[in-house]
Amino acid sequence: MRMTKLYMPTLREVPSEADIPSHQLLMRAGMIRKLVSGVYSYLPLGYRVLKKVEQIVREEMDASGSQEVLMSAIQPSELWKETSRWDDFGPEMFRLYDRNQREFCLGPTHEEIFTDLIRYEVNSYKQLPMNLYQIQTKYRDEKRPRFGLIRSREFIMKDAYSFDLDEAGMMNSYQEMWEAYDRIFTRLGMKYRVVEGDAGAMGNGDSHEFTAMCEVGESNVAYCDACDFAATDEKAETIVPIAAQEAEEKALEKVDTPDVGTIEDLEKFFSLGADRFVKTLLFQAKDRVIAACIPGHREINETKLMNAIGVAEHDFEMADAETVKRVTNAEVGFAGPVGLDKEVEILVDRRVLEMKNFVIGANETDRHLINANYGRDFEGRVIDDLLIVREGDACPKCGAPLVMDRGIEVGNIFQLGTKYSTAMSATYLDQNGKAKLVWMGSYGVGVSRSVASIIEQNHDENGIVWPAVVAPFHVVVTPINVKNDEQRELAEALYEELKAAGVEVILDDRKERPGVKFKDAELIGFPIRIAVGRGAAEGIVEFVLRKDVKNKEEIAQSDVCARVIKELNKQGLNL
Ligand code: ATP
Ligand code: MG
């Protein structure tokens, strides 16, 4: 490819809406352009990278025995109604009507569609197990589309679905997908962790997330250096020891606490540690109001709370001030479990039961209750764990202190069990002719999100540093002065030679200053740059690796091709 022919609109300025490196660099390097919020077009360079990531995913899925298909993005509502996810998915689903007012959506995921595909034609145990996948465009009307390709509203996902005879078969398929994902993310050169995830609306079996570790990631993971425990903060079980408590229950007492609302204010006012308080947090869950009581020195885990009450994220939020005032009869900041409006369901973190004589809000403005005790003064639904994990908490598996880190979820594997086959009647006949439910799993890779994640892990202040396996081109050949015949001709000759050797090479034949050419090459991130300058007369060129631009090496023109191939093979290609 010649750069004069390439549509590669690079930008000098950082686009204002792009606030993380991958988004800025994809825009600046002319790889993507925004159409509307969360919807992007892939330009030639960006599309080449995307296709390479897809291809690695495809090869490893094929190697695992999964078969590639392509399903429609348009999906009829009837299938989603069978599993009740038409309602559960909520506003994240793009919905539309055809000319006859039939309801459809643009698929945010495809569990229902794949289950429907197999339910009529897979009838016998002889047809199972089976695993199908596709690489396809997904649509989700995200509440907050952001970070370019990381949280977009239209994105490319690889989704796979396994169909097995029984639970053991499902576990086996799950393991195979886990291994395929390990191979995919390893080939993509990612630094990643596999962590236990919350299955949420997907199902109730185990799930694991593949997380590309980086500072800007939206996922918080907790892991243990002493054992193999690793989980998202949404999922991680918390170990919160409760200090020794007073022996006797004291009498409940109401005290004036003027203008003392926050836990910090209360700690000062009462001269007590935060662990002597119980916080009562109020949430609106669809049409219900929920109170969650947790130890004062810890924070609520909203995912665990949502799972406990069985509501979807889009139906769940902090109660607004008006609701708080209505159910507590007080200003915001004085909620407590004693004397709350009857309509409120109270959930209590188990650790509260170990506490004695604690302080709670009195449901009266400027008043608190002291010496409150669970059981005697109030009751609620006791939940084992409503807390969010913290760095330093004891590992639930081995007790060593946990470490917290951030990352981007690039893949997710779920054990679905028989949730979908039950709802949609996907059965087969076993050896004895008895109808049995199909056991399923589903497995996603964020293909476009992976492109951005690779950049997050591979860039410097001048641009992207592509791993060779996904680089848009492997080599850029840069004649310093295209008006100089010797330089131009040598550059052309090298370009042809490399091309013939199967190297993806781009010739920067633009009449630009060398500074501009080098800047663009570094911004776009070609793994190797061959600069052809004054040395051309003696057949000498400059060989530079993008990951080590300070190290400029002069090599003979006759050595270029072999050297390039050696380097690219070292970086994981097979030329
Ligand atoms: P998240 O928690 O980030 O919203 P999710 O749990 O909704 O992700 P899945 O439904 O498991 O995601 O989708 C499979 C994969 O698709 C994810 O692991 C992620 O890599 C990718 N993905 C999900 N949502 C988006 C999005 N809005 N933009 C780009 N990629 C996405
Ligand atoms: Mg999501």
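Just so you know, ligand 1 is whichever comes first in the structure, and atom 1 is the first atom listed for that ligand. Note that these values count all heavy atoms, side chains included, but never hydrogens, waters or copies made by symmetry.
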Seminar exercise, completed: So the atoms of ligand 1 within less than 4.0 Å of a heavy atom of Glu142 turn out to be 24 (N), 26 (C), 27 (N)
Seminar exercise, completed: The atoms of ligand 1 lying under 4.0 Å from a heavy atom of Leu149, numbered in the order shown, are 29 (C)
Problem set entry | SB check Lys143 Glu313 (cutoff 4.0 Å) | no
Exercise. If you measure from each heavy atom of Ile150 to ligand 1, is any distance below 4.0 Å?
Worked result: yes
Exercise. Which one of Glu234, Glu154, Arg151 has a non-hydrogen atom at the shortest distance from atom 1 (P) of ligand 1?
Worked result: Arg151
Exercise. Hey, are Glu60 and Lys158 close enough for a salt bridge, meaning a charged N less than 4.0 Å from a carboxylate O?
Worked result: no
Exercise. Between Arg390 and Asp233, is there a salt bridge with N-O shorter than 4.0 Å?
Worked result: no
Exercise. Going by distance only, is there an N or O of Ser448 that falls short of 3.5 Å from an N or O of ligand 1?
Worked result: no
For this session: Find the distance between CG (Asn172) and CE (Met177) and round it off to the nearest 0.5 Å.
Result: 10.5 Å
Problem set entry | Of all pairs that satisfy ring-ring contact (aromatic ring centres under 6.0 Å, His included), the ones with a partner from residues 212-238, not counting sequence neighbours | none
Exercise. Judged by modelled atom types alone, do Lys51 and Tyr42 share a side-chain donor-acceptor pair under 3.5 Å?
Worked result: no
Exercise. N/O of Phe155 under 3.5 Å from N/O of ligand 1, yes or no?
Worked result: no
Problem set entry | Basic-acidic side-chain contact under 4.0 Å: Lys397, Asp228 | yes
Exercise. Phe414 near ligand 1, heavy-atom distance under 4.0 Å?
Worked result: yes
For this session: Heavy-atom contacts with Arg140 under 4.0 Å: which atoms of ligand 1 show up? List them by number with element.
Result: 5 (P), 7 (O), 9 (P), 10 (O), 12 (O), 13 (O), 23 (C), 24 (N)
Problem set entry | SB check Asp349 Arg298 (cutoff 4.0 Å) | no
Exercise. Is it true that Ser152 lies under 4.0 Å from ligand 1, counting heavy atoms only?
Worked result: yes
Problem set entry | Listed once per pair and sorted, the salt bridge (charged side-chain N to carboxylate O under 4.0 Å, His left out) pairs that draw on residues 443-453, sequence neighbours left out | none
Problem set entry | Within reach of ligand 1, part of Glu209 (heavy-atom separation under 4.0 Å) | neither
Exercise. Does Thr109 come within less than 4.0 Å of ligand 1, judged by its heavy atoms?
Worked result: no
Exercise. Quick one: which ligand 1 atoms are inside 4.0 Å of a heavy atom on Met157?
Worked result: 13 (O), 14 (C), 16 (O)
For this session: Look at ligand 1 and say whether Ile408 reaches it with a heavy atom at a distance under 4.0 Å.
Result: no
